[in-house]
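Notes follow once the structure below has been shown.
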Amino acid sequence: MRLRLPRWTSTIHGQITAVIFACLIIAFVIGSTLERWVRNEYNAPDLEAMSARISAIASVLAEATAEERKVVLAAANRGGQALSLRPLSYFDDVTTSSPDEPLVQVAIDRLLPPEDWPVPFGGWRTFVDGKRVLAAKVDAHTLVVTELQPDSFLRNDALRFGSNYLVATVTLIMLFSVFAVWAITRPLRRIASSAMKADISVGSAPFEERGSVEIVTLARALNTMQNRISTMVEARTRMLRGISHDLRTP
């Protein structure tokens with residue numbers, strides 16, 4: 001039993017749509033697998049998760065007493081977060097870049113910025129004395145701050161999003177390359193080769209009417225044109241033969 005495809009796939013527009021849908025499906029399946037692998041293999045900081053955690057801790061510290069704040073910070077730092085309380089003046093000399101910042105980090109932050117919520121105090125790119133920090137406001141005079149490691153310019157959230165973006169881009173390029181060869185380039189080369197070999201004699205159609213609707217329409221139009229030219233040449237030849245015969249008769 002022969003598999004019949006929907007009619008819309010017989011046009012180049014439909015085939016491009018099918019390629020895009022196939023790309024989305026492949027990118028979703030492979031991207032999800034790659035995202036899990038990146039999450040498990042790379043212990044990179046997740047700025048979004050860190051900002052949410054610091055904001056939650058800041059909200060707890062805002063309702064705690066001075067002694068309770070020490071207990072909360074001690075409990076929070078057991079996971080290696082290295083949180084500390086700083087006065088609001090700590091951000092007086094804050095900058096949005098650092099001379100020691102790798103260019104890779106700048107590119108990742110520009111191309112794959114974190115989500116907009118919750119935004120750390122001062123924004124996502126805050127540097128104090130050349131060190132990148134994340135902060136959340138506890139009260140009118142106090143901040144809770146954590147310093148990022150200098151070698152942790154690769155962000156977990158950016159790696160996950162970047163892996164999906166990379167898979168989608170590579171898949172789209174590969175599928176469109178195959179599609180361009182199969183549906184456009186090869187049929188056009190076949191038509192060009194037939195045109196080089198075509199003559200004006202009346203015979204079988206020189207252009208193979210096979211492929212997408214647009215390619216079949218083009219080949220059919222060329223076959224019709226070739227047939228008209230052959231018919232016109234044949235009629236002219238018969239006319240010249242008749243005139244030649246009449247001139248020889250006297």
Side-chain angles (χ1 to χ4, degrees), residues 31-170:
S32 299
T33 303
L34 186 60
E35 179 179 340
R36 289 194 297 268
W37 177 75
V38 168
R39 187 187 301 114
N40 296 331
E41 293 295 328
Y42 289 90
N43 187 24
D46 190 337
L47 294 190
E48 297 172 3
M50 293 174 65
S51 178
R53 190 178 302 114
I54 293 175
S55 296
I57 294 173
S59 63
V60 174
L61 293 173
E63 303 298 330
T65 63
E67 292 299 324
E68 291 173 339
R69 288 181 177 182
K70 296 179 181 179
V71 177
V72 172
L73 284 179
N77 287 332
R78 289 174 186 171
Q81 187 85 27
L83 296 171
S84 60
L85 292 177
R86 302 280 186 173
L88 198 61
S89 59
Y90 178 76
F91 258 49
D92 288 346
D93 298 326
V94 68
T95 60
T96 58
S97 63
S98 171
D100 299 327
E101 184 182 17
L103 292 178
V104 177
Q105 177 175 320
V106 179
I108 290 176
D109 285 345
R110 300 301 184 192
L111 297 176
L112 305 171
E115 298 293 337
D116 293 336
W117 189 89
V119 179
F121 182 80
W124 289 106
R125 291 178 51 80
T126 51
F127 296 82
V128 177
D129 295 332
K131 298 179 181 179
R132 188 169 186 174
V133 298
L134 286 181
K137 193 173 182 179
V138 177
D139 53 37
H141 307 285
T142 311
L143 298 173
V144 57
V145 181
T146 182
E147 293 183 358
L148 298 182
Q149 297 297 325
D151 57 346
S152 59
F153 59 87
L154 287 177
R155 304 193 330 261
N156 192 281
D157 54 315
L159 283 174
R160 294 199 305 269
F161 182 80
S163 62
N164 292 331
Y165 181 80
L166 178 62
V167 170
T169 302
V170 172

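Quick caveat: nothing in here was measured; it's all calculated off a predicted structure. What's counted below: heavy atoms across the whole structure, side chains too, no hydrogens, waters or symmetry copies.
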Q.
Applying side chain to side chain contact (heavy atoms under 4.5 Å, CB included) to L143 and L88, what does each step give before you reach the verdict?
A. CA-CA 6 Å; L143 298 173; L88 198 61; 3.7 Å; yes
**Q.** Residues which pass side-chain contact (heavy atoms from CB on, under 4.5 Å) with S98, listed by chain and number, not counting sequence neighbours
**A.** D100, E101, F127
Q. If only atom types and distance count, is the side chain of S55 paired as donor or acceptor with the main-chain N or O of A52 below 3.5 Å?
A. no
Q. At what distance, to the nearest 0.5 angstrom, does CE of M50 lie from CZ of R53?
A. 7.0 Å
Q.
Would you compute the distance between atom CZ of R69 and atom CG of D139 and round it to the nearest 0.5 angstrom?
A. 5.0 Å
**Q.** Heavy-atom closest pair, residues E147 and K131
**A.** OE1-CD, 3.6 Å
Q) Got a sec: does the CG of D129 have more than 12 other heavy atoms crowding it under 6.0 Å? A) no
(Q) Do L85 and L61 make a side-chain contact, defined as non-hydrogen atoms from C-beta onward lying under 4.5 Å apart? (A) yes
Q: Output yes when a side-chain donor or acceptor of S51 lies under 3.5 Å from a complementary backbone atom of P118, and no otherwise.
A: yes
Q. Which value, rounded to the nearest 0.5 Å, describes the distance between L73 atom CG and L83 atom CG?
A. 6.5 Å
Q) Stepwise, does the side chain to side chain contact (heavy atoms under 4.5 Å, CB included) test hold for F121 with I54? A) CA-CA 10 Å; F121 182 80; I54 293 175; over 6 Å; no
**Q.** Main-chain N/O of T95 paired with R125 side-chain donor or acceptor, under 3.5 Å
**A.** no
Q. Can you tell me if T146 uses its side chain to pair, donor with acceptor, with the backbone of L134 under 3.5 Å?
A. no
Q) Atom OG of S97 and atom CZ of R132: how far apart are they, to the nearest 0.5 Å? A) 11.0 Å
